[in-house]
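One-based numbering, in listed order, for ligands and for the atoms of each.
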Amino acid sequence: MPQTIGFIGLGNMGGPMAANLARAGHRVQGFDLAPASLAAAEAAGVAVMGSAAEAVQGADSVVTMLPAGRHVVQVWDEISGSVPPGTLLIDSSTIDVESARRAHACAGERGCAAIDAPVSGGTGGAKAGTLTFMAGGSKEAFARAEPLLRQMGKAVFHCGEAGAGQAAKICNNMILGISMIGVCEAFALGEKLGLSRQALFDVASVSSGQCWSLTTYCPVPGPVPTSPANSGYRPGFAAGLMLKDLRLAQAAAAAAGAATPLGAEAAQLYALYEALGHGGEDFSGIIRMLRGADSGDAA
Ligand code: NAD
């Protein structure tokens with residue numbers, strides 16, 4: 001059934017997600033601080049509003065897609081005076097678990113249902129409507145959110161109570177950061193040993209070294225033609241965003257008292273890679289630093 005949806009944060013991810021909701025027949029009332037994002041959203045069928053508070057007026061549901069936890073807490077605070085009680089609030093940003101729980105509490109005080117529903121799938125998935133959503137919140141809130149999430153994504157999981165979606169997201173991305181570094185080290189070693197990339201790929205992709213970082217996102221050109229290694233490490237998933245997620249995982253591990261030594265090492269290596277000026281490149285490009293040469297891919 002068509003809804004009125006407030007959508008706040010119309011950037012690289014939020015813009016195309018809001019456009020997909022508008023395409024599905026909803027009235028989408030959008031707001032962003034950046035005029036360029038507003039113009040692009042308007043062209044895609046979103047009704048552009050003058051503030052976050054205006055965007056949520058009369059809304060059945062609200063989606064936020066913002067850079068970090070402090071933005072989400074601030075915006076949910078800001079809209080709490082104007083959002084109708086009973087509205088469903090969905091935050092799809094990747095943020096720290098503590099801010100996600102604060103946002104849930106803020107929604108509860110207003111009598112609103114809430115879920116944290118971060119995504120994986122990147123800007124390509126946002127445009128194509130093929131994102132994966134991992135959600136945290138009550139069963140009732142999830143049941144209300146699921147049809148909307150399915151109009152922006154292809155896979156939707158209920159992971160548990162408030163904050164569980166963010167927890168799933170940072171755990172998954174910690175696996176990804178660590179496994180990418182592992183695959184990069186293996187290719188760098190194989191090169192030194194005179195092993196061809198294709199030979200290593202052929203063996204490892206059907207052996208116990210098999211993982212997504214190898215078979216879908218291979219960090220050297222050749223074996224997987226669609227991976228960013230074949231196009232100069234244009235993202236894809238930028239190294240700076242991987243660093244953000246690894247830092248969120250480290251903050252959560254410190255707060256929870258979990259030992260994540262490889263996650264900590266991965267965060268340090270991506271911090272170094274970003275400090276060398278590569279934060280805007282694809283995260284698989286870290287192989288160039290691990291080879292000990294900051295020199296582009298050696299053919
Ligand atoms: P982005 O920077 O392109 O978009 C964020 C938007 O929020 C910007 O347009 C900014 O103007 C707006 N904004 C900031 N503060 C605001 C406020 N107070 N009110 C209204 N608008 C405000 O970022 P993005 O790539 O769209 O990422 C958004 C979220 O999704 C992040 O949390 C990111 O970690 C997560 N994410 C991104 C990707 C990706 O590949 N880009 C993939 C998965 C998850």
Side-chain angles (χ1 to χ4, degrees), residues 6-20 28-42 44 46 48-56 62-80 82-83 89-97 99-100 103 106 116-135 149 152-155 165-166 168-174 176-177 217 228 233-249 251-252 270 274 279-284:
F7 204 115
I8 301 157
L10 301 164
N12 292 325
M13 295 293 289
M17 290 164 71
N20 280 333
V28 182
Q29 303 177 163
F31 177 67
D32 194 290
L33 296 176
S37 300
L38 288 175
E42 191 162 35
V46 172
V48 161
M49 312 304 277
S51 69
E54 268 181 40
V56 304
V62 172
V63 183
T64 48
M65 193 55 168
L66 296 162
R70 65 181 186 283
H71 305 104
V72 175
V73 170
Q74 182 222 315
V75 166
W76 281 36
D77 239 14
E78 194 181 316
I79 63 175
S80 64
S82 29
V83 71
L89 306 186
I90 302 171
D91 178 48
S92 283
S93 328
T94 302
I95 66 171
D96 58 289
V97 176
S99 296
C106 168
D116 50 291
V119 301
S120 76
T123 51
K127 283 190 194 114
T130 56
L131 293 170
T132 296
F133 286 88
M134 42 217 106
L149 302 183
M152 298 183 279
K154 68 171 183 352
Q166 297 296 348
K169 168 81 184 171
I170 58 175
C171 288
N172 177 73
N173 279 23
M174 187 175 78
L176 177 61
Y217 220 79
Y233 298 99
R234 245 195 346 266
F237 185 48
L241 287 176
M242 172 50 82
L243 177 59
K244 172 193 168 185
D245 293 354
L246 287 167
R247 284 183 168 152
L248 288 175
Y270 275 104
E274 186 183 63
E281 293 169 15
D282 189 76
F283 81 115
S284 61

Pair K169, S120 - check side-chain contact (heavy atoms from CB on, under 4.5 Å), show working. CA-CA 8 Å; K169 168 81 184 171; S120 76; 4.1 Å; yes
Starting from [atom], find the nearest protein heavy-atom neighbour and note its residue, name and distance.
atom	value
atom 43 (C) of ligand 1	V119 O, 3.7 Å
atom 12 (C) of ligand 1	D32 OD2, 3.3 Å
atom 16 (C) of ligand 1	L33 CD1, 3.4 Å
atom 4 (O) of ligand 1	G11 CA, 3.4 Å
atom 36 (N) of ligand 1	T94 OG1, 4.0 Å
atom 22 (C) of ligand 1	L66 CD2, 3.4 Å
atom 23 (O) of ligand 1	N12 N, 4.6 Å
atom 40 (O) of ligand 1	G122 CA, 3.6 Å

Between [atom1] on residue [X] and [atom2] on residue [Y], distance to nearest 0.5 Å:
X	Y	atom1	atom2	answer
D282	M242	CG	CE	9.5 Å
L246	Y270	CG	OH	7.5 Å
R234	E281	CZ	CD	11.5 Å

Compare every heavy atom of G279 with every heavy atom of A238, then report the nearest pair and how far apart it is.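 What the structure gives for the nearest pair is CB-O, 3.6 Å.
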For residues D116 and A100, report the shortest heavy-atom separation together with the two atoms involved. CB-CB, 4.4 Å
Short list, please: which atoms of ligand 1 are under 4.0 Å from a heavy atom of [X]?
X	result
I8	20 (C)
L241	39 (C), 40 (O), 41 (N)
S93	32 (O)

Heavy-atom side-chain contact between V119 and T132 under 4.5 Å: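 When only atoms from C-beta onward are counted, T132 and V119 do not touch, as no gap falls below 4.5 Å.
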Heavy-atom contact check, 4.0 Å cutoff: does P67 meet ligand 1?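 Checking ligand 1 against P67, which is what was asked, there is a heavy-atom contact under 4.0 Å.
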Looking only at heavy atoms of S37, does any of them come nearer than 4.0 Å to an atom of ligand 1? yes
Say whether D96 and S99, considering side chains only, have a donor N or O and an acceptor N or O under 3.5 Å apart. yes
I'd like to know if the side chain of D91 pairs up with that of T64 as donor and acceptor (distance under 3.5 Å, no hydrogens or angles considered).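 Indeed, the side chains of D91 and T64 share at least one donor-acceptor pair under 3.5 Å.
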Do the two ring centres, one from Y217 and one from F237, sit under 6.0 Å apart? no
Quick one: does atom 30 (O) of ligand 1 have a protein heavy atom under 4.0 Å from it?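 Flag for atom 30 (O) of ligand 1 set to true, protein heavy atom closer than 4.0 Å.
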Are there protein heavy-atom neighbours of atom 19 (N) of ligand 1 below 4.0 Å? yes
Using a heavy-atom cut-off of under 4.0 Å, does the side chain or the backbone of I95 touch ligand 1, or both, or neither?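 Neither; no heavy atom under 4.0 Å.
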Quick check: does [X] get an N/O under 3.5 Å from an N/O on ligand 1?
X	value
K244	yes
D245	no
H71	no

Do the side chain of K244 and the main chain of T94 share a donor and acceptor less than 3.5 angstrom apart?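 Answer holds: yes.
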Would L248 and I95 satisfy side-chain contact (heavy atoms from CB on, under 4.5 Å), going step by step from the backbone distance to the final call? CA-CA 7 Å; L248 288 175; I95 66 171; 5.6 Å; no
For atom 38 (C) of ligand 1, which of M17, M13, M242 has the closest heavy atom?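 Residue with the shortest heavy-atom distance to the ligand atom: M13.
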